[in-house]
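Have a look at the structure below, then the notes.
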Amino acid sequence: MKEPIITVIGSINMDLVTSSDRIPDQGETIMGESFFNNPGGKGANQAVACARLGAQVNMLGCVGVDPFGQVLVDNLSKEKIITQNVEPVTDKHTGVATILIKDNDNRIIVTPGANYCVTPTYIQQYLDVIDQSDVVLLQLEIPLNTIEYVTDYCSDKGIPVILNPAPAQLLSASILENCTYLTPNETEKLEITSDVDTYKEKMIVTLGDKGVEYCSDGNLKTVTGYRVNPIDTTGAGDTFNGALAVQLSKGRKLKEAITFANAAAAFSIQKRGAQQGMPTMREVIDFME
Ligand code: ATP
């Protein structure tokens, strides 16, 4: 069977993770306990999830002309993701997420930098890539007018779009209408629209360890979460979205696709790091048996 083609349009970030025994007060400098950096960004993470599961993935995004940008593009290429259209921009830094961890509490600042160069003008150069896609996968770490443009374009062309509305912001009626599926978590669901009821048929709501809720023919359905020992739940949502996109791009029924994505996401949290724990197709199939 031909590999499904998925285009991910989204952020590419370096996560800078510092742990300390407490969070500094205003104006204070403290010594940290440990530091590491990890490839991240919801767009890049979801692209990796799709690629591990066997899809052909086109990444559309921007990085800075700096060492982080190079490392991140190399990381995507290593995952067999097509990165030839990822644009290095000279006047912006590569996106970074500064993450402070104390015990299990984390505080995150995402500084988009080059991710905000993913504009409609940039996208217009790659409409042929979008045209070839079985599914387009979007998140909200790029400008909202780009989301507006892509959802409108794909709706006209009949290309299915999954929009993972994270980090949440209020979405216009045209975005809500033009995307095929929305995949918020429970809090995001209430932040993207004041009219959840109108869009309930396209909402696939992730519930953490409780699994997933969705609507089918007007009836609310739940797919129960797997019982696993969670080591690091960062990126659970990204694995879920990537896996959902892969299954839908293969023409699987919604219930089947959600059941698979629920398993893939549960599998992924058994390892530290967002991308590190993302499973292959064989790993998900074995896990589900
Ligand atoms: P994150 O921002 O951490 O990536 P999220 O808030 O976007 O996550 P969640 O609803 O927490 O999304 O998790 C996404 C999916 O991952 C869930 O629907 C479920 O399938 C799986 N999952 C998350 N946490 C657990 C858990 N503790 N046990 C089993 N499955 C989980």
Side-chain angles (χ1 to χ4, degrees), residues 8 10-13 15 17 38-50 52-53 95 97-101 103-110 137-141 162-169 171 179 181-192 196 202-216 220-248 252 254-279 283-285 287-288:
V8 180
S11 59
I12 304 172
N13 289 338
D15 290 349
V17 188
N38 242 351
K42 288 182 192 295
N45 286 348
Q46 294 183 19
V48 170
C50 294
R52 292 256 175 100
L53 291 167
T98 306
I99 304 174
L100 299 182
I101 300 186
D103 303 327
N104 284 328
D105 169 30
N106 57 21
R107 288 158 198 239
I108 305 177
I109 305 176
V110 178
L137 183 53
L138 303 172
Q139 317 75 29
L140 296 180
E141 289 183 338
I162 301 172
L163 171 57
N164 174 221
Q169 46 186 308
L171 299 176
C179 65
Y181 293 111
L182 288 156
T183 56
N185 64 21
E186 282 175 293
T187 23
E188 289 157 359
K189 177 176 97 169
L190 304 173
E191 288 167 355
I192 57 175
V196 172
K202 54 174 79 181
M203 292 238 192
I204 299 169
V205 183
T206 62
L207 310 172
D209 61 357
K210 296 196 292 301
V212 189
E213 205 172 71
Y214 69 106
C215 209
S216 173
L220 202 60
K221 311 261 179 189
T222 306
V223 174
T224 313
Y226 279 83
R227 284 247 191 126
V228 290
N229 180 22
I231 303 294
D232 182 358
T233 60
T234 321
D238 293 334
T239 306
F240 180 86
N241 279 280
L244 182 74
V246 170
Q247 293 301 88
L248 292 176
R252 300 280 190 264
L254 186 60
K255 181 182 177 193
E256 202 186 326
I258 293 174
T259 304
F260 178 91
N262 182 47
F267 181 95
S268 73
I269 63 176
Q270 300 177 109
K271 272 195 199 153
R272 199 163 289 287
Q275 295 180 9
Q276 284 88 328
M278 288 175 172
E283 284 173 323
V284 184
I285 291 167
F287 179 74
M288 290 175 83

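FYI, the numbering just counts along the sequence from 1. Please read these numbers as outputs of a predicted model, since none were measured by experiment. When a ligand or atom number is given, it counts from 1 through the structure's own listing order.
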**Item:** side chain to side chain donor-acceptor pair (under 3.5 Å) between Glu188 and Asn164, intermediate numbers included
**Value:** CA-CA 10 Å; Glu188 289 157 359; Asn164 174 221; 4.6 Å; no
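Listed as neighbours of ligand 1 are Asn185, Thr206, Leu207, Gly208, Asp209, Gly211, Val212, Tyr226, Val228, Thr233, Gly235, Ala236, Gly237, Asn262, Ala265, Ala266, Ile269, each bearing a heavy atom under 4.0 Å from the ligand.
More than 12 heavy atoms of other residues, nucleotides or ligands shown are found within 6.0 angstrom of CG on Leu220.
Taking the centre of each ring, Tyr181 and Tyr214 stay at or above the 6.0 Å mark.
Inter-residue side-chain proximity for Pro39 and Asp15 is flagged as unmet; no heavy-atom pair is nearer than 4.5 Å.
Proximity of a side-chain donor or acceptor of Asp232 to a complementary backbone N or O of Thr234 within less than 3.5 Å is detected.
Taken from NZ in Lys202 to CG in Leu254, the straight-line distance is 13.0 Å, to the nearest 0.5 Å.
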